[in-house]
J.: 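Take a look at the following structure, please.
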Amino acid sequence: MTLHELTEALREGGIDNAAGEARELFLHFGGFTPAALVGQDPSLWDPRLSDALTRRLAHEPLQYILGECAFFRETYDVSPDCLIPRADTELLVEQAIALLPQGGCFADLCTGSGCIAVSVLANRTDLRAHAYDISENALSLAERNALRNGVGDRVAFHASDLLREGITGTFDALLSNPPYIRTGVIDSLAPELAYEPRLALDGGEDGMVFYRAILSNCLGNLAPRGVILFEIGYDQAEAITALARAYGLHADVLRDLGGNPRVAKLTGGGTNA
Ligand code: GLN
(Lines give C-alpha, C1' and ligand atoms only; values in the text may rest on other atoms or scores of the structure.)
Protein backbone atom coordinates (compact mmCIF):
# COMPACT_ATOMS: atom_id res chain seq x y z
CA MET A 1 0.00 0.00 0.00
CA THR A 2 1.25 3.52 -0.67
CA LEU A 3 1.38 6.33 1.85
CA HIS A 4 -1.40 8.08 -0.04
CA GLU A 5 -3.60 4.95 -0.04
CA LEU A 6 -3.10 4.52 3.69
CA THR A 7 -3.95 8.18 4.30
CA GLU A 8 -7.15 7.87 2.26
CA ALA A 9 -8.18 4.65 4.02
CA LEU A 10 -7.74 6.31 7.41
CA ARG A 11 -9.57 9.45 6.29
CA GLU A 12 -12.50 7.42 4.97
CA GLY A 13 -12.57 5.56 8.29
CA GLY A 14 -13.16 8.87 10.07
CA ILE A 15 -9.68 9.29 11.56
CA ASP A 16 -9.06 13.03 12.08
CA ASN A 17 -5.34 13.31 11.58
CA ALA A 18 -5.18 10.74 8.76
CA ALA A 19 -2.08 12.13 7.03
CA GLY A 20 -0.11 12.46 10.28
CA GLU A 21 -1.03 8.97 11.45
CA ALA A 22 -0.24 7.42 8.06
CA ARG A 23 3.21 9.02 8.23
CA GLU A 24 3.76 7.69 11.76
CA LEU A 25 2.79 4.17 10.68
CA PHE A 26 5.20 4.34 7.73
CA LEU A 27 8.01 5.60 9.95
CA HIS A 28 7.35 2.87 12.50
CA PHE A 29 6.84 -0.17 10.27
CA GLY A 30 8.84 0.86 7.22
CA GLY A 31 11.91 2.29 8.86
CA PHE A 32 11.63 5.40 6.66
CA THR A 33 13.26 8.62 7.76
CA PRO A 34 10.88 11.59 8.09
CA ALA A 35 12.66 13.28 5.15
CA ALA A 36 11.94 10.29 2.89
CA LEU A 37 8.21 10.92 3.31
CA VAL A 38 8.18 14.62 2.46
CA GLY A 39 6.60 15.18 -0.94
CA GLN A 40 6.96 11.44 -1.73
CA ASP A 41 4.49 8.59 -2.00
CA PRO A 42 6.48 5.48 -1.02
CA SER A 43 4.95 1.97 -0.86
CA LEU A 44 5.16 -0.46 1.99
CA TRP A 45 3.98 -4.06 1.76
CA ASP A 46 4.05 -5.39 5.30
CA PRO A 47 1.32 -7.49 6.95
CA ARG A 48 1.92 -5.50 10.16
CA LEU A 49 0.79 -2.37 8.33
CA SER A 50 -2.50 -3.93 7.14
CA ASP A 51 -3.07 -5.27 10.65
CA ALA A 52 -2.40 -1.79 12.07
CA LEU A 53 -4.87 -0.26 9.62
CA THR A 54 -7.60 -2.73 10.62
CA ARG A 55 -7.00 -1.99 14.29
CA ARG A 56 -6.96 1.76 13.77
CA LEU A 57 -10.18 1.66 11.74
CA ALA A 58 -11.74 -0.04 14.78
CA HIS A 59 -10.61 3.10 16.70
CA GLU A 60 -7.88 1.44 18.72
CA PRO A 61 -5.56 4.31 19.67
CA LEU A 62 -2.51 4.66 17.42
CA GLN A 63 -0.21 4.65 20.45
CA TYR A 64 -1.31 1.15 21.51
CA ILE A 65 -0.76 -0.07 17.96
CA LEU A 66 2.74 1.39 17.86
CA GLY A 67 3.40 0.31 21.47
CA GLU A 68 4.98 3.63 22.34
CA CYS A 69 4.40 7.34 22.37
CA ALA A 70 6.22 10.63 22.82
CA PHE A 71 5.54 12.66 25.94
CA PHE A 72 7.42 15.79 27.03
CA ARG A 73 11.04 15.16 25.97
CA GLU A 74 10.87 11.38 26.48
CA THR A 75 9.46 8.30 24.75
CA TYR A 76 7.28 5.83 26.63
CA ASP A 77 6.23 2.23 26.22
CA VAL A 78 2.44 2.08 26.37
CA SER A 79 -0.05 -0.78 26.52
CA PRO A 80 -3.74 -1.15 27.34
CA ASP A 81 -2.60 -1.47 30.98
CA CYS A 82 -2.09 2.29 31.17
CA LEU A 83 -3.64 5.54 30.11
CA ILE A 84 -1.88 6.98 27.07
CA PRO A 85 0.15 10.04 28.17
CA ARG A 86 -1.55 13.22 26.93
CA ALA A 87 0.11 16.43 25.76
CA ASP A 88 -2.16 18.26 28.28
CA THR A 89 -0.25 16.61 31.11
CA GLU A 90 3.02 18.25 30.03
CA LEU A 91 1.84 21.43 31.80
CA LEU A 92 1.92 19.61 35.14
CA VAL A 93 5.39 18.26 34.36
CA GLU A 94 6.68 21.75 33.46
CA GLN A 95 5.31 23.16 36.71
CA ALA A 96 6.85 20.40 38.79
CA ILE A 97 10.23 20.91 37.11
CA ALA A 98 10.05 24.63 37.84
CA LEU A 99 8.78 24.41 41.43
CA LEU A 100 10.53 21.50 43.12
CA PRO A 101 13.41 22.48 45.43
CA GLN A 102 16.97 21.38 44.69
CA GLY A 103 17.56 17.78 45.81
CA GLY A 104 13.85 17.33 46.58
CA CYS A 105 11.67 14.26 46.63
CA PHE A 106 8.14 14.00 45.24
CA ALA A 107 5.30 11.50 45.06
CA ASP A 108 3.44 10.69 41.83
CA LEU A 109 0.02 9.33 42.75
CA CYS A 110 -1.75 7.20 40.10
CA THR A 111 1.42 6.98 38.02
CA GLY A 112 0.03 4.82 35.18
CA SER A 113 2.71 4.69 32.46
CA GLY A 114 4.97 6.61 34.85
CA CYS A 115 5.09 9.58 32.49
CA ILE A 116 4.83 12.32 35.13
CA ALA A 117 7.43 10.91 37.51
CA VAL A 118 9.81 9.84 34.76
CA SER A 119 9.73 13.07 32.74
CA VAL A 120 10.21 15.21 35.85
CA LEU A 121 13.16 13.05 36.95
CA ALA A 122 14.68 12.93 33.46
CA ASN A 123 14.76 16.73 33.35
CA ARG A 124 15.78 17.32 36.99
CA THR A 125 18.63 14.96 37.77
CA ASP A 126 18.79 16.22 41.41
CA LEU A 127 15.34 14.84 42.32
CA ARG A 128 14.04 11.51 43.63
CA ALA A 129 10.50 10.13 43.57
CA HIS A 130 8.06 7.53 44.83
CA ALA A 131 5.34 6.53 42.39
CA TYR A 132 2.09 4.75 43.27
CA ASP A 133 -0.62 2.92 41.36
CA ILE A 134 -3.23 0.29 42.13
CA SER A 135 -2.44 -1.70 38.97
CA GLU A 136 0.52 -4.09 39.12
CA ASN A 137 0.61 -4.19 35.32
CA ALA A 138 0.80 -0.41 35.11
CA LEU A 139 3.59 -0.44 37.69
CA SER A 140 5.71 -2.87 35.69
CA LEU A 141 5.22 -0.71 32.62
CA ALA A 142 6.14 2.41 34.60
CA GLU A 143 9.26 0.67 35.87
CA ARG A 144 10.23 -0.20 32.30
CA ASN A 145 9.71 3.42 31.31
CA ALA A 146 11.93 4.59 34.17
CA LEU A 147 14.70 2.30 32.91
CA ARG A 148 14.12 3.25 29.28
CA ASN A 149 14.57 6.91 30.19
CA GLY A 150 17.54 6.42 32.50
CA VAL A 151 15.93 7.35 35.84
CA GLY A 152 15.40 3.86 37.32
CA ASP A 153 17.81 4.47 40.20
CA ARG A 154 15.92 7.54 41.46
CA VAL A 155 12.36 6.25 41.65
CA ALA A 156 10.64 3.55 43.70
CA PHE A 157 7.30 2.10 42.64
CA HIS A 158 4.59 1.02 45.07
CA ALA A 159 1.29 -0.83 44.64
CA SER A 160 -1.34 1.11 46.51
CA ASP A 161 -5.08 1.67 46.50
CA LEU A 162 -5.04 5.41 47.01
CA LEU A 163 -8.79 5.58 47.55
CA ARG A 164 -8.34 3.52 50.68
CA GLU A 165 -4.82 3.95 51.98
CA GLY A 166 -2.23 6.62 52.57
CA ILE A 167 1.48 6.73 51.73
CA THR A 168 4.55 6.92 53.90
CA GLY A 169 7.24 9.60 53.91
CA THR A 170 7.41 13.34 53.53
CA PHE A 171 7.41 14.92 50.10
CA ASP A 172 8.22 18.35 48.67
CA ALA A 173 5.43 17.85 46.16
CA LEU A 174 2.50 15.56 45.56
CA LEU A 175 1.83 15.23 41.84
CA SER A 176 -1.19 13.53 40.40
CA ASN A 177 -3.15 13.12 37.23
CA PRO A 178 -5.76 10.81 38.72
CA PRO A 179 -8.83 9.44 36.95
CA TYR A 180 -11.16 12.45 36.83
CA ILE A 181 -13.91 11.77 34.31
CA ARG A 182 -17.44 11.59 35.70
CA THR A 183 -18.67 7.97 35.57
CA GLY A 184 -21.83 8.95 33.70
CA VAL A 185 -20.05 10.61 30.74
CA ILE A 186 -17.27 8.09 29.99
CA ASP A 187 -19.32 6.09 27.49
CA SER A 188 -20.28 9.20 25.50
CA LEU A 189 -16.65 10.19 24.83
CA ALA A 190 -14.41 9.32 21.84
CA PRO A 191 -14.50 5.60 20.85
CA GLU A 192 -10.71 5.46 21.39
CA LEU A 193 -11.27 5.86 25.15
CA ALA A 194 -13.02 2.49 25.28
CA TYR A 195 -9.59 0.87 24.73
CA GLU A 196 -8.03 2.61 27.72
CA PRO A 197 -8.37 1.15 31.22
CA ARG A 198 -11.63 2.35 32.73
CA LEU A 199 -9.87 2.35 36.07
CA ALA A 200 -7.58 5.11 34.77
CA LEU A 201 -10.47 7.30 33.62
CA ASP A 202 -13.30 6.92 36.10
CA GLY A 203 -13.30 9.63 38.75
CA GLY A 204 -16.59 8.60 40.33
CA GLU A 205 -19.99 10.24 40.16
CA ASP A 206 -18.66 13.82 40.25
CA GLY A 207 -15.16 13.05 38.91
CA MET A 208 -13.62 14.19 42.20
CA VAL A 209 -13.14 11.02 44.27
CA PHE A 210 -9.37 10.83 43.85
CA TYR A 211 -8.77 14.49 44.72
CA ARG A 212 -10.81 14.04 47.91
CA ALA A 213 -9.06 10.79 48.85
CA ILE A 214 -5.57 12.17 48.16
CA LEU A 215 -6.20 15.29 50.23
CA SER A 216 -7.69 13.36 53.09
CA ASN A 217 -5.09 10.54 53.08
CA CYS A 218 -1.86 12.25 51.93
CA LEU A 219 -1.92 15.89 53.00
CA GLY A 220 0.02 14.91 56.11
CA ASN A 221 2.83 13.69 53.84
CA LEU A 222 3.48 17.14 52.41
CA ALA A 223 6.61 18.93 53.64
CA PRO A 224 6.42 22.51 54.96
CA ARG A 225 6.01 24.84 51.96
CA GLY A 226 5.27 21.80 49.81
CA VAL A 227 3.05 22.03 46.76
CA ILE A 228 0.36 19.78 45.34
CA LEU A 229 -0.12 19.72 41.56
CA PHE A 230 -3.29 18.08 40.31
CA GLU A 231 -4.27 17.74 36.69
CA ILE A 232 -7.98 18.55 36.47
CA GLY A 233 -10.75 18.40 33.87
CA TYR A 234 -11.61 21.58 31.95
CA ASP A 235 -14.77 22.00 34.06
CA GLN A 236 -13.33 21.22 37.50
CA ALA A 237 -11.62 24.52 38.40
CA GLU A 238 -14.36 25.66 40.78
CA ALA A 239 -14.80 22.27 42.41
CA ILE A 240 -11.07 21.87 43.08
CA THR A 241 -10.81 25.42 44.44
CA ALA A 242 -13.66 24.74 46.87
CA LEU A 243 -12.19 21.40 47.88
CA ALA A 244 -8.75 22.97 48.48
CA ARG A 245 -10.37 25.65 50.64
CA ALA A 246 -12.08 22.97 52.74
CA TYR A 247 -8.57 21.68 53.54
CA GLY A 248 -7.22 25.17 54.33
CA LEU A 249 -5.29 25.32 51.04
CA HIS A 250 -5.13 27.92 48.29
CA ALA A 251 -5.63 26.79 44.69
CA ASP A 252 -4.19 28.53 41.62
CA VAL A 253 -5.63 27.09 38.45
CA LEU A 254 -3.38 27.14 35.35
CA ARG A 255 -4.62 26.87 31.80
CA ASP A 256 -3.30 24.59 29.06
CA LEU A 257 -2.36 25.67 25.53
CA GLY A 258 -5.98 25.21 24.47
CA GLY A 259 -7.00 27.80 27.10
CA ASN A 260 -8.72 25.25 29.36
CA PRO A 261 -8.18 25.01 33.13
CA ARG A 262 -5.80 22.05 33.41
CA VAL A 263 -3.56 22.14 36.49
CA ALA A 264 -4.48 23.10 40.04
CA LYS A 265 -1.55 24.20 42.18
CA LEU A 266 -2.44 23.83 45.85
CA THR A 267 -0.31 25.59 48.44
CA GLY A 268 -0.53 26.53 52.11
CA GLY A 269 -0.42 22.93 53.37
CA GLY A 270 2.43 21.03 54.97
CA THR A 271 3.06 20.77 58.65
CA ASN A 272 4.25 24.33 59.46
CA ALA A 273 3.68 26.14 56.23
N1 GLN B 1 -0.29 9.67 35.61
C2 GLN B 1 -0.55 8.99 34.39
C3 GLN B 1 -0.69 9.99 33.26
O4 GLN B 1 -0.62 11.16 33.48
C5 GLN B 1 -1.79 8.11 34.50
C6 GLN B 1 -3.04 8.88 34.79
C7 GLN B 1 -4.26 8.00 35.04
O8 GLN B 1 -4.18 6.77 35.02
N9 GLN B 1 -5.33 8.64 35.27
O10 GLN B 1 -0.86 9.66 32.12
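Both counts, for ligands and for their atoms, begin at 1 and track the order of listing. Values below: all heavy atoms of this structure, side chains included; hydrogens, waters and symmetry mates excluded.
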J.: Please go through V38's hydrophobic cluster and name the other residues, only I, L, V, M, F, W, Y counting, with side-chain heavy atoms under 4.5 Å joining them.
T.: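 Same cluster as V38: nobody, lone residue.
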
J.: Suppose I only count heavy atoms of T89 and a 4.0 Å limit; which atoms of ligand 1 are within that range?
T.: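 Those atoms are 4 (O).
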
J.: I'd like to know if the side chain of R124 reaches the main chain of L100, judged simply by a donor and an acceptor atom lying under 3.5 Å from each other, with no hydrogens or angles considered.
T.: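 Indeed, once roles are kept as given, a pair shorter than 3.5 Å links the two residues.
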
J.: Does any N or O of ligand 1 fall below 3.5 Å from an N or O anywhere on C110, backbone included?
T.: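 There is such a contact, yes.
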
J.: I need the contact type for S176 against ligand 1. Using non-hydrogen atoms and a strict under-4.0 Å cut-off, is it side chain, backbone, both or neither?
T.: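 S176 to ligand 1: no contact under 4.0 Å from either part.
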
J.: Are the aromatic rings of Y211 and F230 close, with centres under 6.0 Å apart?
T.: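 Aromatic pair counts; centres sit under 6.0 Å.
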
J.: Does only the side chain of C115 get under 4.0 Å from ligand 1, or the backbone, or both, or neither? Count heavy atoms.
T.: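 Within the 4.0 Å criterion, C115 contacts ligand 1 through side-chain atoms alone.
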
J.: Would you mind finding which of I116, T111, L175, L83 brings a heavy atom closest to atom 2 (C) of ligand 1?
T.: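 Nearest heavy atom to atom 2 (C) of ligand 1 lies in T111.
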
J.: Which ligand 1 atoms does P178 reach within 4.0 Å, using its non-hydrogen atoms?
T.: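 Going through ligand 1 atom by atom, the ones under 4.0 Å from P178 are 9 (N).
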
J.: Select the closest option to atom 8 (O) of ligand 1 among G203, G112, A200, A131, judged by heavy-atom distance.
T.: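 The nearest heavy atom belongs to A200.
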
J.: Clusters formed by hydrophobic residues whose side-chain heavy atoms approach within less than 4.5 Å: which one holds L199, and what are its other members?
T.: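 Cluster partners of L199: I134.
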
J.: What are the two closest non-hydrogen atoms of L25 and A52, and how far apart are they?
T.: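 That closest heavy-atom pairing would be CD2-CB, 3.9 Å.
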
J.: When you measure from the side chain of T111 to the backbone N and O of A131, does any donor-acceptor pair fall under 3.5 Å?
T.: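 It does not hold such a pair.
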
J.: Checking contacts here: is it the side chain or the backbone of N177 that comes within 4.0 Å of ligand 1, counting heavy atoms only? Could be both or neither.
T.: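 Answer for N177: both.
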
